[in-house]
J.: 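I am attaching a structure below and will ask some questions about it afterwards.
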Amino acid sequence: MQYLETLNPQQLAAVKQTEGPVMVIAGAGSGKTRVLTYRIAYLIENGVDPFNILALTFTNKAAREMKSRIAEIIGNSEAKNLSMGTFHSVFSRILRHHSDKIGYPTNFTIYDTQDSRSLIKTIVKELKLDDKAYKPNLVHGRISSAKNNLISAAAYEANSDIVYEDRMSGKPRLFEIYKQYEKRCFNAGAMDFDDLLFKTNVLLRDHPDVLHFYQHRFKYILVDEYQDTNYSQYLIVKKLADVFNNICVVGDDAQSIYSFRGANIENILNFKNDYPENKVFKLEQNYRSTQTIVNAANSVIANNKDQIKKTVWTSNDTGNKIKVIRTLTDGEEGRIIAESIYETRINNQAENKDFAILYRTNAQSRSFEESLRKLNIPYKIYGGLSFYQRKEIKDLLAYFRLTANPKDEEALKRIINYPKRGIGKTTIDKLIVLADKFNVSIWDVIENPSEYPSGLNGGTLNKIGQFVTSIKSYQVLLEKNDAYDVAQHIAKNSGILKELYDDKSPEGVSRYENIQALLAGIKEFSESVEGDEIALLSDFMVDVALLTDADTDNDEDNDVVTLMTIHASKGLEFPYVFIVGLEENLFPSQMALNSRTELEEERRLFYVALTRAERKATLSFAMSRYRWGNLVTSEPSRFIEEIDSDHLEMAAASASKGRSLKQKSFENRAFGKPKKQPLFTNKNLKRVSAEDKVKSGKAASSLNLKVGNNVMHEKFGKGKVVGLEGDPAIKATVFFPKVGNKQLLLKFARLELID
DNA sequence: CTTGCAATGACTGAT
DNA sequence: TCATTGCAAG
């Protein structure tokens, strides 16, 4: 058990205390993942069957990585039997196993947020309610938090406090929407994200035999990021651990950032009451960051009232000061940071993957994308619209979904008229009303038109009939054929493939490519099945709804700069971290300014962001930024002021390398009201300085390009110059067969002439 | 029923 | 800014 020697005394103690309730309070960067990993390995080496271990992580990626780490220690065959994953993925599997007990088909669909909102929208319309008062995301948020607190639609209606609250906020009929939503999901054989936890609770509550089985199966339970569990999750864990009491939770109250998802910081604060014989271990030594970063983070979080007392410290070097950059606009913020990455990369022999740009909202990614692209710095954006949320992907998946579960209302609505087959809105509305009237699914209605007289004309009925026939023909294939073959067949036969192929616009081409990528993914899945078993499409569909960008990460060409929200960065670390958009009303968000608790959560979010950095953190804010297309002025975030000033180095964006690369420093917090704005806007100076950084030999501006020249680009491949701007040319429009037209600044794009 | 254009409102965060 | 929605005309 050599690996144990790498642990410090507290870590070791936490690993060895295998029996009874254990809480590990793990400060940022204190080696919590290591403790969890080794604890599991240690359990197994001491004779615990991996089959009896349940480990719940925050992302599927974290689970995969931990599993492979454990496999290295104890061998793959053992590690395979571990139950490990997110709450949602682990319990969705268990729910499928027992779906009949709670009245769901085994192939139940998982509605993602889009599906949920679309269904709510439909319901609001049907109930003829004002869609301004009942905005889908608001209503969904309300329903979601009810579910996370295990309040069913019936309980919601019966709860006078809640109903009163809704009435006061001008939404007296919200309970009706919830009721209808619950019914419609059930009739569609669909669960939303919250249902995966809610129904697990129902299953364990109403079926003692099932509860008994899992209580005895999961003798050892581990929960990561316990501070971000909600009541529904809390109760599942509590029930399962009730027999053996071997529960180990790991978390850090200072990093609780998901209360909007119902996360309840009380869970970690109340652990001691829930399990009186608990043992608590505190991991306070930070191995990740410099002293400057650790101390700065501590000084920020000290402003919060609600917290468990602990002292995070490090024996690492002092390191660089945290740089604070002020820029005029969000566009300039993007440029300065991209340039800073470029320079740092060269000066410190760093790689792209050593850098992360973290922001509060997804919408901020834009300016960074543009400027990184101009400097030819490869990057990847996480979050936002993930692959599986793109329209074309969801369309094809909807065919698969409907084939596997024809009751799936959202899937049906999506594709009954896509590609166009002349079944319009009025027809669909009629079908929905009819289905609701008889309390069946839309599929039931269109499958048996004679039983449910719709009053539609013959032509329409005929078109619907054809649609039903084609879906039925797919169903025949589903359970007997290879996933890839079925997927390919559906893609072709449904007309989706042709529809996208015929669209030759750049977007159309990329949609077609996405569909091909999905099919390739299914092919890979079907080839990964061992032996002579057949990979089924329905198996592929099982967790598609639960996948995120991080899960689809491949290991190839991953030397890229990371762009993500701070929420998504939880648990990750990077040598160089840029925390951007530090402005009042953005970070902290304006929605959080109403209450202390909300503001404290924003502050914890900032704490999480800072503690992602290993070597150097850089903060930035813009004095004005585009929001919904118009320029809004902004003030620096209060969080900057909350950092002990000893750790900060103030700098304004400097345009000229010649004048002061180190950038003008301010003795104190002079930001906010500059007397005048010198230098910073001088674009000419800027251009010179930027040009210096690109190896001049490669600068394409010296190529003397002409329209019609064939050129080679590092990333986009071969292309043809179709337009030039400026004299001498500074900007070129180049057509690349792979990606379409691109506008390139010649001083950055390292084009090579090839004819 | 479909198409095309004008008007509109969205930006927290994510399994 | 951008994607979705509503409306008029074919």
Side-chain angles (χ1 to χ4, degrees), chain A residues 56-63 85-92 110-114 116-118 121 125 131-132 135-138 140-141 144 147-148 191-198 225 228-230 232-233 256-263 330-331 358-367 370 382-386 388-389 391 417-429 456-457 459-460 463 507 543-551 564-570 581 585-593 598 601-602 604-605 608-609 625-632:
Chain A
L56 297 163
T57 58
F58 200 70
T59 62
N60 286 309
K61 193 184 174 201
T86 61
F87 275 88
H88 291 86
S89 71
V90 167
F91 294 113
S92 76
I110 298 173
Y111 276 177
D112 65 15
T113 310
Q114 274 180 49
S116 298
R117 298 215 170 133
S118 147
K121 228 167 156 181
K125 218 181 281 170
D131 58 358
K132 288 221 171 77
K135 288 194 181 134
N137 20 359
L138 249 155
H140 182 235
S144 174
K147 283 188 184 176
N148 286 329
M191 296 202 198
D192 65 15
F193 286 137
D194 305 313
D195 280 334
L196 295 175
L197 308 172
F198 187 100
E225 309 282 9
D228 280 326
T229 51
N230 59 38
S232 186
Q233 293 168 319
S256 163
I257 55 174
Y258 275 98
S259 70
F260 73 91
R261 215 164 79 186
D330 49 345
L358 307 181
Y359 35 77
R360 179 63 179 81
T361 65
N362 280 308
Q364 287 165 259
S365 67
R366 191 99 163 249
S367 60
E370 280 171 14
Y382 291 82
L385 245 206
S386 87
Y388 290 100
Q389 289 169 348
K391 182 188 177 305
N417 196 32
Y418 179 82
K420 297 243 151 28
R421 38 176 86 84
I423 304 172
K425 206 171 116 5
T426 6
T427 308
I428 296 169
D429 285 346
L456 293 163
N457 67 48
T460 310
K463 288 173 196 157
E507 300 84 32
D543 354 87
V544 158
L546 301 173
L547 292 178
T548 64
D549 276 352
D551 296 318
M564 53 171 54
T565 62
I566 302 166
H567 281 94
S569 76
K570 182 150 100 154
N585 295 326
L586 179 60
F587 190 16
S589 154
Q590 58 195 23
M591 333 281 271
L593 299 178
E598 282 176 304
E601 176 147 321
E602 293 285 307
R604 291 194 294 270
L605 194 57
V608 168
R625 116 174 9 252
Y626 278 95
R627 273 181 132 174
W628 316 290
N630 38 20
L631 205 58
V632 179

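Quick note on labels: first sequence line is chain A, next is B, and so on, each numbered from 1.
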J.: Excluding sequence neighbours, so at least two apart, what forms side-chain hydrogen bond (donor to acceptor under 3.5 Å, both in side chains) with Glu598(A)?
T.: Ser595(A)
J.: Reading DNA chain C in the 5' to 3' direction, which nucleotide is the first one with an atom under 4.0 Å from a heavy atom of chain A, and which is the last?
T.: dT1(C) to dT5(C)
J.: Could you list the residues that satisfy side-chain contact (heavy atoms from CB on, under 4.5 Å) with Lys570(A), not counting sequence neighbours?
T.: Phe58(A), Glu225(A), Gln227(A), Asp228(A), Ile257(A), Tyr258(A)
J.: State which residues pass side-chain hydrogen bond (donor to acceptor under 3.5 Å, both in side chains) with Ser144(A); sequence neighbours excluded, sorted by chain then number.
T.: Asp194(A)
J.: For Thr361(A), what residues pass the side-chain hydrogen bond (donor to acceptor under 3.5 Å, both in side chains) criterion, not counting sequence neighbours?
T.: Gln364(A)
J.: Not counting sequence neighbours, which residues clear side-chain hydrogen bond (donor to acceptor under 3.5 Å, both in side chains) with Asn137(A)? List them please.
T.: none
J.: Are Leu546(A) and Thr86(A) packed together at the side-chain level, in the sense that at least one heavy-atom pair is separated by less than 4.5 angstrom?
T.: no
J.: In chain order, what residues pass the side-chain contact (heavy atoms from CB on, under 4.5 Å) check against Ser116(A), with sequence neighbours excluded?
T.: Tyr111(A), His140(A), Tyr181(A), Asp192(A)
J.: Listing time: all N or O pairs from protein to nucleotides 9-15 of chain B that are below 3.5 Å?
T.:
| unit_1 | atom_1 | unit_2 | atom_2 | d |
| --- | --- | --- | --- | --- |
| dA10(B) | OP1 | Lys135(A) | NZ | 3.4 |
| dT12(B) | O2 | Arg360(A) | NH1 | 2.8 |
| dT12(B) | O2 | Arg360(A) | NH2 | 2.0 |
| dG13(B) | OP1 | Asn362(A) | N | 2.5 |
| dA14(B) | OP1 | Thr565(A) | OG1 | 2.8 |
| dA14(B) | OP2 | Asn362(A) | ND2 | 3.2 |
| dT15(B) | O2 | His88(A) | NE2 | 2.8 |
| dT15(B) | O4 | Thr113(A) | OG1 | 3.4 |

J.: Tell me which of Arg366(A) and Lys425(A) sits closer to the 5' end of DNA chain C, going by the nucleotide each one is nearest to.
T.: Arg366(A)
J.: Taking only residues two or more places apart in sequence, or in another chain, which ones meet Thr565(A) in a side-chain contact (heavy atoms from CB on, under 4.5 Å)?
T.: Tyr359(A), Asn362(A), His567(A), Ala568(A)
J.: Need one value for Lys570(A): base, sugar-phosphate or nothing, where a base atom within 4.0 Å counts as base even if backbone is also close, heavy atoms only.
T.: nothing
